[in-house]
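One structure, pasted below without further comment.
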Amino acid sequence: MPTVDDVLEQVGEFGWFQKQAFLLLCLISASLAPVYVGIIFLGFTPDHYCRSPRVAELSQRCGWSLEEELNFTVLSLGSENKASFLSQCMQYEEDWNQTTVDCGDPLFNLTANRSHLPLSPCQHGWVYDTPGSSIVTEFNLVCGDAWKVDLFQSCVNLGFFLGSLIVGYFADRFGRKLCLLATTLVTSLSGVLTAVAPDYTSMLLFRLLQGMVSKGSWVSGYTLITEFVGSGYRRTTAIMYQVAFTVGLVALAGVAYAIPHWRWLQMAVSLPTFFFLLYYWCVPESPRWLLSQKRTTQAIRVMEQIAQKNGKLPPADLKMLCVEEDVSEKQSPSFVDLYRTPKMRKHTFILMYLWFSCAVLYQGLIMHMGATGGNLYLDFFYSALMEFPAAFIILATIDRVGRIYPMAISNLVTGAACLIMIFIPHELHWLNTTLACLGRMGATIVLQMVCLVNAELYPTFIRNLAMMVCSALCDLGGIFTPFMVFRLMEVWQALPLILFGVLGLTAGAMTFLLPETKGVTLPETIEEAENLRKGLGRALQMFVGLERSPELLEMGTELSC
């Protein structure tokens, strides 16, 4: 009896049907970018200082320019001309309407030393130096409330974490297509509700909801396209689907530049996603899932549709279509299996750390560039472009060099780039941007390759469980990253870079402790997983050029970060 892969070999593994479905589903991947890193533009913090109605009146009466007004009335700007906590969050406790105030130097007659003047927190809000708006400027998320910006992004990652536990079951129980449509609808609605949220609390809840379903939409699209194509195209298709996410990042920089107001920007990236509901008529259900649910008639109908669109005749024995059964799937997976044996235990702890570190490095570098860069839009655009060569490096090395060495070197390069940035003067902005982009490329390579390595190190019956457990650290890392970046920068601007450097170098060293999996048959039992060779012994297999089965792309990597 023929299997789906057997039929696809005859009707086309990547024909017109698959190409059309691939392009449509790539739009789903691109739409995740504003959700994942939209905080860079939605929550940017411009230079600001305390609002004082009396100072504004005095400035108008004395005919001051804005620069003179700041030099005369705002802390520390008069001598250093740069923002600090005092200049942004504190103000002089003075009556600016008293008669002794001089337009030339209003504080001169009050005291000889400004440091002796009493201070108080901002009483009337803040003035922001920006032509646009963000959640920071609208809800005054600065000074004592600055941590609320971090919480805004953490809610998205918390949603990713909770959603991965729910949506995966939903897709396996009710189908990939229904899951795609349901999560897309909720993603679109929650995005629009975020844009019109009347207060910070409701905005936070809508953002949490969007995080819970948006990753599920991305995963459903990923699973569908990898199940539509033949085995020979699965790996390349999976990587290019993730490249579509990079396209979304590049497009986000342009849209954010054109729409500098956060509510309109959020609306602009949310409304187009409603069109994805049209996929109900454009994208069929996965025939592999239909077969797994004993819905053979519908699976045959989908395969006939694929054959028709590809201009091929369906095979004569199509009505005998069946699903391949894996005996190992009958074993009951358990969390204990991940730690039962010494090597499995070691692999699990290392992979959990790699998932956590690559999430922190990837998101952290994006946030750090947004907070310290010169031009927010150009810096984001340049760093997003670095993800394209990362994908080509993966495609070029994964079957030639292997997995472990490129992943370890990428981690080391990312960590080294972060540490070098500490010693680069802020004036050499181009050099800082170059190093940050280099680190971003390394983090991207790790983020995509760790999915593959994670799936290859575990036996079949616990492969999905291992992916779920280990990749959960990716979302947990994303929850803590905003606090690591923005709160540590308040202590010292380079402190997050030290943390990133340590994480990257440590992750690179730990990667070498994993066995190379290139050219190795996927393990079916715990014993086979324990006996995977490593080190120099594995290097011999790297030159044999054995092609391993791409079956894992059907399974574990749907839980990628």
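Only a predicted model underlies this, so the values are computations on that prediction, with no experimental measurement involved.
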Over 12 non-hydrogen atoms of neighbours within 6.0 angstrom of CZ in F486: yes

- request: Using only heavy-atom distances, determine whether the side chains of T223 and R176 contain a donor-acceptor pair under 3.5 Å.
  value: no

field: Min side-chain heavy-atom separation T236-F14 under 4.5 Å
entry: no

query: Can you find a pair of side-chain heavy atoms, one from V283 and one from Q20, that are under 4.5 Å apart?
result: no

query: Centroid-to-centroid, Y36 to F160, below 6.0 Å?
result: yes

query: Do P284 and F17 touch side chain to side chain, with heavy atoms closer than 4.5 Å?
result: yes

- prompt: With a 3.5 Å cut-off and no angle check, do the side chains of T184 and S217 form a donor-acceptor pair?
  reply: yes

message: For F41 and F380, I'd like to know if the aromatic rings sit close, meaning centre-to-centre distance below 6.0 Å.
response: yes

- prompt: Is there a side-chain contact between L365 and C418, using heavy atoms and a 4.5 Å cut-off?
  reply: yes

- request: I would like to know whether L354 and V446 meet side chain to side chain contact (heavy atoms under 4.5 Å, CB included); could you show each step before the answer?
  value: CA-CA 8 Å; L354 293 182; V446 175; 5.6 Å; no

message: Quick one, Q18 and T237 - any side-chain contact, counting heavy atoms below 4.5 Å?
response: no

field: Flag if over 12 foreign heavy atoms under 6.0 Å of NZ, K312
entry: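 No - once you tally the heavy atoms of other residues, nucleotides and ligands closer than 6.0 Å, there are 12 at most.
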
- prompt: Short question: side chain of Q266, backbone of G191 - any donor-acceptor pair under 3.5 Å?
  reply: yes

- prompt: Is the closest side-chain heavy-atom distance between C437 and S383 below 4.5 Å?
  reply: yes

message: Given 3.5 Å as the limit, does a donor-acceptor pair link the side chain of R288 with the main chain of E227, or not?
response: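 Indeed, once roles are kept as given, a pair shorter than 3.5 Å links the two residues.
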
query: Between the main-chain N or O of Y362 and the side-chain N or O of R440, is there a donor-acceptor pair closer than 3.5 Å?
result: no

field: Within-4.5 Å side-chain heavy-atom neighbours: Q363 and N157
entry: yes

query: Which heavy atom of P406 sits nearest a heavy atom of I445, and at what distance?
result: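 Taking P406 first and I445 second, the nearest heavy atoms are O-CG2, 4.5 Å.
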
- request: For residues P287 and V302, report the shortest heavy-atom separation together with the two atoms involved.
  value: CD-CG1, 4.0 Å

field: Heavy atoms from other residues, nucleotides or ligands near CZ of F275 exceed 12 (cutoff 6.0 Å)
entry: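 Not buried by this count: 12 neighbours or fewer within 6.0 Å.
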
- prompt: Does F392 CZ have over 12 foreign heavy atoms under 6.0 Å away?
  reply: no

- request: Determine yes or no for a side-chain-to-main-chain donor-acceptor pair under 3.5 angstrom, with S154 supplying the side chain and I479 the backbone.
  value: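 It does hold such a pair.
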
message: Taking T226's backbone N and O only, do any of them form a donor-acceptor pair with R234's side chain (distance below 3.5 Å, no angle check)?
response: yes

message: I need the D150 CG to F480 CZ distance, nearest 0.5 Å.
response: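 That separation rounds to 12.5 Å.
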
- request: Can you see which heavy atom on A507 is nearest to which on S357, and at what distance?
  value: CB-OG, 3.5 Å

task: May I ask you to check whether over 12 heavy atoms, not counting those of Y233, lie within 6.0 Å of atom OH?
output: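 For Y233, atom OH is not crowded (no more than 12 foreign heavy atoms under 6.0 Å).
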
- prompt: Between W218 and Y241, is the gap from one ring center to the other below 6.0 Å?
  reply: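 Yes; Y241 has its ring centre under 6.0 Å from that of W218.
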
- request: Write down the atom of V149, the atom of G43, and the distance for their closest heavy-atom approach.
  value: CG1-O, 3.8 Å

- request: State, to 0.1 Å, how close R207 and I39 come at their nearest heavy-atom pair, and which atoms those are.
  value: NH2-N, 4.4 Å

task: Return yes when atom OH of Y257 has more than 12 non-hydrogen atoms of other residues, nucleotides or ligands closer than 6.0 Å, and no otherwise.
output: no

- prompt: When you look at T444 and Q448, which way does the side chain to side chain contact (heavy atoms under 4.5 Å, CB included) test go after all the steps?
  reply: CA-CA 6 Å; T444 302; Q448 295 192 19; 3.8 Å; yes

- prompt: At what distance, to the nearest 0.5 angstrom, does OG1 of T194 lie from CG of L189?
  reply: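 Interatomic distance, T194 OG1 to L189 CG, rounded to 0.5 Å: 10.5 Å.
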
statement: Separation between CD1 (I28) and CD1 (I225), nearest 0.5 Å, reads 12.0 Å

task: For the pair K177 (side chain) and S286 (backbone), establish whether a donor and an acceptor sit closer than 3.5 Å, ignoring hydrogens and angles.
output: no

field: Heavy-atom side-chain proximity of P389 to M441 below 4.5 angstrom
entry: yes

- prompt: Stepwise, does the side chain to side chain contact (heavy atoms under 4.5 Å, CB included) test hold for L209 with L205?
  reply: CA-CA 6 Å; L209 177 61; L205 294 175; over 6 Å; no

query: Taking atom CG of L32 and atom CG of L27, what is their separation to the nearest 0.5 Å?
result: 13.0 Å

message: Could you measure the distance from the CD1 atom of I135 to the CZ atom of F44? Nearest 0.5 Å is fine.
response: 10.5 Å

- request: Could you tell me which non-hydrogen atom of A268 sits nearest to which non-hydrogen atom of I259, and how far apart they are?
  value: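 For A268 and I259, the tightest heavy-atom pair comes out as CB-CD1, 3.6 Å.
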
query: Between Y200 and M203, does a side chain to side chain contact (heavy atoms under 4.5 Å, CB included) hold up when you go through it step by step?
result: CA-CA 5 Å; Y200 174 79; M203 179 185 65; 3.5 Å; yes

message: Strictly distance-based, threshold 3.5 Å: is any side-chain N or O of R263 a donor or acceptor partner for the main-chain N or O of A197?
response: yes

message: Rounded at 0.5 Å granularity, tell me how far NZ in K19 sits from CG in N310.
response: 9.0 Å

